[in-house]
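Because the structure is predicted, anything quoted here is derived from the model rather than measured.
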Amino acid sequence: MTARRRLRSLRTRLLVFIGVTLAAVCAAMALTTVFVQRTYLLGNLDDRVDNAAQRSLGGARLHPEQQNSLAFLMERGHPAGMLAARLDDQGGLLTAEVVGRDAKPTALTDTQRTALDGIATDGSTHTVTVPDLGTYRITAVDGDGVRVLVGLPMDDVQQMINGLVAVEAAVAAAGLTVAGCVCAVVIRRQLRPLGRVAATAVEVSRAPLDRGEVTALTRVPAGDTDPGSEAGQVGAALNRMIDHVESSLSERRRTEERMRRFLSDASHELRTPLASIAGYAELMNRGTDRIEPVLAWRRVSAESARMTGLVEDLLLLARLDEGRPLQSDEVDMAALVAEAVWDARAAGGDHDWQLELCLDAPALVVGDESRLHQVVANLLGNARVHTPAGTRVTAVVEARDDICLVRVRDDGPGIALALLPTVFERFTRADVSRTRSEGSMGGSGLGLAIVEAITAAHGGGIDVRSEPGRTEFRIELPLAGESVGVLGYVNSPRTVST
């Protein structure tokens, strides 16, 4: 198992692959060299065989009647080991001898003669192994009825080829050893950045990402993030992944904190009316002399209605968060805003309510009329509750450039600068910074969150600009020609400025 794991390492596999490749290249070069050299040497030997055959044929022609004579072998210049034979008309050997070193030619044995049988007298060259003499290159020629067989030993060629093979093997072995060592060093140095990247990944994997504050995770050094190399690309990708993990964990932590705060605020808002209902019920249980039943039931009904409204608001936000589709009808925003202003005037007669219609085209949008009415009513109610008596509240409806624009502004004291970034978050209250009407009930802090969620569900956006003496909420909705058929929750950007 350990050996298999070692072979699986990239360093080992690269080294083995390069070694095998170099060995194959060296073998191919050696084989090619040996083949070419052998061909060249055999060509030279064949030329010598042809020359010796022509010379022997010329000597045999001098005495054509002496068919068993090999007198031409007595001439000087024949190499040692050369064999010659006279052939009959059928190609059979009449006589055959071999030239010795510093000695007279000797006759071939029957076994040796048998090895030479069957060679055609066509001048072609053949390789024949003659017992006790070795391997020969042999040719048989015919001239004017005289047939001669001549052969030269291949010992010199074979020795040269064997020596060449031995030298090439030694050189290849030495070269492969040196190349293997150099490749091992180079591969190890080149893979060091990849090892550091792996070490960084291991260190990050050991970080307690499931608990606690996760900050400053280990990064791959800048020197190992060069996009020009593969290891650098891996390092850069790992750093990007670590950045994404950190940002995702931070966002999840913020989401969890908002969820905990939301649950805490929701629990607090529900606990207050429940405590009031429980208190009045306890007083009634103790007897009617402590509180009038009509007053108690009135307060219980009021707290129940307050709790019901809060639950309905939470349910609405949950449905919008889930992306449940809203009703899709054509809504006249001019008429809807006008109706909402009349309702606000009836509820807050101590404010100055104004309506402005700046319409270049019909202010028709596709959406849920009741929810859009709730958006405008919430904005107007927010202005009424959080501004003093006599404040002018103006609702403006504009239709231009495929956009229906609804603005609600007032000349009240404005929203505190510290509150602006979170004004659309749930359970955010403006009580600490805006004057409230005397005797008004405190809100739950969900009104503007509902406004934003409904607006986003209709494919629109909302922003707020506020400064002392002027606060304006601005809603943009696509006109009917630009709206989608089915409405759902869409994360729409908003801006908050002063």
- Query: By salt bridge (charged side-chain N to carboxylate O under 4.0 Å, His left out), which residues pair with E398, not counting sequence neighbours?
  - Reply: R400, R407
- Note on the structure: Applying salt bridge (charged side-chain N to carboxylate O under 4.0 Å, His left out) to D46 and not counting sequence neighbours gives R137
- Query: Do E97 and T106 pass the side-chain contact (heavy atoms from CB on, under 4.5 Å) test, and can you show the C-alpha distance, the side-chain angles, and the key distance before you say yes or no?
  - Reply: CA-CA 5 Å; E97 296 179 353; T106 59; over 6 Å; no
- Who passes salt bridge (charged side-chain N to carboxylate O under 4.0 Å, His left out) against R219, sequence neighbours left out? D243, E246
- Query: Which residues pass the side-chain hydrogen bond (donor to acceptor under 3.5 Å, both in side chains) test with T135, sequence neighbours left out?
  - Reply: none
- Task: State whether the number of non-hydrogen atoms from other residues, nucleotides or ligands found under 6.0 Å of R38 atom CZ is greater than 12.
- Result: no
- Could I get the full list of side-chain contact (heavy atoms from CB on, under 4.5 Å) partners for S124, not counting sequence neighbours? D122, H126
- Item | Pairing residues for V167 by the side-chain contact (heavy atoms from CB on, under 4.5 Å) criterion, not counting sequence neighbours | V171
- Task: Please check if the side chain of S466 supplies one atom and the backbone of I415 the other of a donor-acceptor pair under 3.5 Å.
- Result: yes
- Task: Kindly indicate whether the side chain of Y136, heavy atoms from C-beta on, has any atom under 4.5 Å from the side chain of D155.
- Result: no
- Task: With sequence neighbours excluded, tell me which residues meet salt bridge (charged side-chain N to carboxylate O under 4.0 Å, His left out) with R474.
- Result: E476
- Task: State which residues pass side-chain contact (heavy atoms from CB on, under 4.5 Å) with E203; sequence neighbours excluded, sorted by chain then number.
- Result: T218
- Task: Determine yes or no for a side-chain-to-main-chain donor-acceptor pair under 3.5 angstrom, with H373 supplying the side chain and D368 the backbone.
- Result: no
What side-chain donor-acceptor pairs closer than 3.5 Å can you find for residues 18-32, not counting sequence neighbours?
| from | atom 1 | to | atom 2 | distance (Å) |
| --- | --- | --- | --- | --- |
| T21 | OG1 | F17 | O | 2.7 |
| T32 | OG1 | A28 | O | 2.7 |

- Message: Among residues at least two apart in sequence or on other chains, which ones pass side-chain hydrogen bond (donor to acceptor under 3.5 Å, both in side chains) with E472?
- Response: R470
Under 3.5 Å donor-acceptor pairs involving side-chain atoms of residues 181-202, not counting sequence neighbours:
| from | atom 1 | to | atom 2 | distance (Å) |
| --- | --- | --- | --- | --- |
| R196 | NE | D224 | OD2 | 2.7 |
| R196 | NH2 | D224 | OD1 | 2.9 |
| T200 | OG1 | R196 | O | 2.9 |

- Excluding sequence neighbours, so at least two apart, what forms side-chain contact (heavy atoms from CB on, under 4.5 Å) with S247? H244
- Query: Run the side-chain contact (heavy atoms from CB on, under 4.5 Å) check on E369 and D329 step by step: do they pass?
  - Reply: CA-CA 7 Å; E369 182 175 1; D329 298 317; over 6 Å; no
